[in-house]
**Q** 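Got a structure for you, questions after.
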Amino acid sequence: MTPTRTIGFDLDMTLIDSRPGIRAVYEELSRQTGVIIDAELAVSRLGPPLEWELAHWFPAEAVPEMFTRYRAMYPEIAVPRVLAMPGAAEALAAARELGRAIVITAKAGPNAALHLDHLDLPHDAVIGDAWREQKAEVLVREAADTYVGDHVHDMDAARIAEVAGIGVPSGPCSADELLEAGATHVAPDLHAVVPLLTGS
């Protein structure tokens, strides 16, 4: 049967709780460089691109090197420590029943794919290195009709792309903040996203 819908999902703090893995990478980066990084603070504001967070801890000229080092150590350190969010597999499966489930994330595409494969989360495509306007561009290009995310900028992306935005307050943004950012719906968790997708 020809897929009739394409539904997009954010990754960090939407489909996966990446805090333990990211915290461990920042701690190792701190150990290697001798630069104090408040890893707990860093994981409390996940969502924006990696460069934004690194710029809080390193001078601008060092950020490109730290970016490369972080991404190189990420697979071995982070992937084994990360768990799926409750309802992630069910939400993705429901999306695939309706057509295609694609993951659009600011994380590096290969690292995002490693998480999804490690956790056996069903999906049809992974698009990495996308944030806000770039996510909107992917939603339009892939002819998606819905984007599910935990961050106000995910809802911005949905609004810019003129698709439905479903917010889940599992990351740094509250339900009120997601609604204020233009969410069409806010669900308490991914289990509650399923009926919003299926209309059941």
Side-chain angles (χ1 to χ4, degrees), residues 3 6-32 37 39-40 42-54 66-131 134-135 138-139 142 144 146-151 153-154 157 166-172 187 189-194 197:
T6 295
I7 297 167
F9 292 83
D10 175 50
L11 182 67
D12 290 308
M13 301 312 300
T14 299
L15 293 174
I16 63 173
D17 184 351
S18 50
R19 291 172 297 184
I22 291 174
R23 184 186 298 112
V25 177
Y26 278 124
E27 289 170 349
E28 177 61 17
L29 189 62
S30 178
R31 187 192 68 79
Q32 290 183 10
I37 299 173
E40 202 62 42
V43 300
S44 75
R45 52 192 182 199
L46 294 180
L50 173 60
E51 298 96 322
W52 293 20
E53 186 60 42
L54 292 171
M66 295 304 109
F67 177 89
T68 300
R69 290 174 68 168
Y70 177 104
R71 284 200 162 173
M73 68 176 75
Y74 188 95
E76 181 178 353
I77 295 175
V79 171
R81 291 173 164 83
V82 169
L83 298 175
M85 297 295 282
E90 292 84 350
L92 288 164
R96 297 187 86 197
E97 284 287 322
L98 297 168
R100 300 170 64 231
I102 64 174
V103 177
I104 311 169
T105 174
K107 190 180 294 300
N111 286 344
L114 286 174
H115 279 301
L116 295 166
D117 292 344
H118 180 72
L119 296 170
D120 198 25
L121 292 175
H123 59 285
D124 295 289
V126 182
I127 300 94
D129 289 306
W131 178 247
Q134 291 88 2
K135 289 185 174 187
V138 175
L139 290 166
E142 297 291 331
T146 304
Y147 190 53
V148 182
D150 69 288
H151 201 281
H153 287 175
D154 293 328
I166 300 179
V168 283
S170 46
D189 54 35
L190 289 172
H191 288 294
V193 167
V194 173
L197 296 177

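Positions are given from 1 along the sequence.
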**Q** Taking all non-hydrogen atoms of both residues, which atom of Ala78 and which atom of Val25 are closest, and how far apart?
**A** CB-CG2, 3.8 Å
**Q** Can you find a side-chain donor-acceptor pair between Ser18 and Asp12 that sits under 3.5 Å?
**A** yes
**Q** Check the pair Lys107 / Tyr74 against side chain to side chain contact (heavy atoms under 4.5 Å, CB included), numbers first and verdict last.
**A** CA-CA 11 Å; Lys107 190 180 294 300; Tyr74 188 95; 2.9 Å; yes
**Q** Using side chain to side chain contact (heavy atoms under 4.5 Å, CB included), reason through Asp10 and Val168 one step at a time and then give a plain yes or no.
**A** CA-CA 10 Å; Asp10 175 50; Val168 283; over 6 Å; no
**Q** Got a second to check how far Arg45's CZ is from Met13's CE, nearest 0.5 Å?
**A** 15.0 Å
**Q** Fit a plane to each ring of Trp52 and His153, take the angle between them on a 0 to 90° scale, and name the class: parallel (under 30°), tilted (30 to 60°) or perpendicular (over 60°).
**A** perpendicular
**Q** Just how far is it from atom CG of Leu46 to atom CG of Asp17, taken to the nearest 0.5 Å?
**A** 8.5 Å
**Q** Report the distance from atom CD of Gln134 to atom OG1 of Thr105, rounding to the nearest 0.5 Å.
**A** 12.0 Å
**Q** Between Ala106 and Gly47, what is the shortest heavy-atom contact and its length?
**A** CB-O, 3.9 Å
**Q** For the residue pair Leu114 and Pro75, establish whether any side-chain heavy-atom pair is separated by less than 4.5 Å.
**A** yes
**Q** Do the side chain of Thr14 and the main chain of Asp150 share a donor and acceptor less than 3.5 angstrom apart?
**A** yes
**Q** Do side-chain atoms of Tyr70 reach the backbone of Leu54 as a donor and acceptor pair under 3.5 angstrom?
**A** no
**Q** Are the side chains of Pro110 and Arg71 in touch, meaning some heavy atoms are under 4.5 Å apart?
**A** no
**Q** Rounded to the nearest 0.5 Å, what separates atom CD1 in Ile7 from atom CZ in Arg100?
**A** 11.0 Å
**Q** CG of Leu197 to CD of Glu90: how many Å apart, nearest 0.5 Å?
**A** 12.5 Å
**Q** Work out which heavy atom in Gly21 is nearest to a heavy atom in Ile77; give both atom names and the distance.
**A** O-CG2, 4.5 Å
**Q** Can you name the residues that form a salt bridge (Lys or Arg N to Asp or Glu O under 4.0 Å) with Asp124, not counting sequence neighbours?
**A** Arg96
**Q** What pair of heavy atoms forms the shortest contact from Lys135 to Ala157, and how long is it?
**A** CB-CB, 3.7 Å
**Q** For the residue pair Glu27 and Ile37, establish whether any side-chain heavy-atom pair is separated by less than 4.5 Å.
**A** no
**Q** Show your reasoning for whether side chain to side chain contact (heavy atoms under 4.5 Å, CB included) applies to Val103 and Leu121.
**A** CA-CA 11 Å; Val103 177; Leu121 292 175; over 6 Å; no
**Q** Rounded at 0.5 Å granularity, tell me how far OG1 in Thr6 sits from CD in Glu142.
**A** 7.0 Å
**Q** Which pair of non-hydrogen atoms, one from Ser44 and one from Pro172, has the smallest distance, and what is that distance?
**A** O-CB, 3.5 Å
**Q** Kindly give the heavy-atom pair with the smallest separation between Val126 and Ala113, and that separation in Å.
**A** CG1-N, 4.3 Å
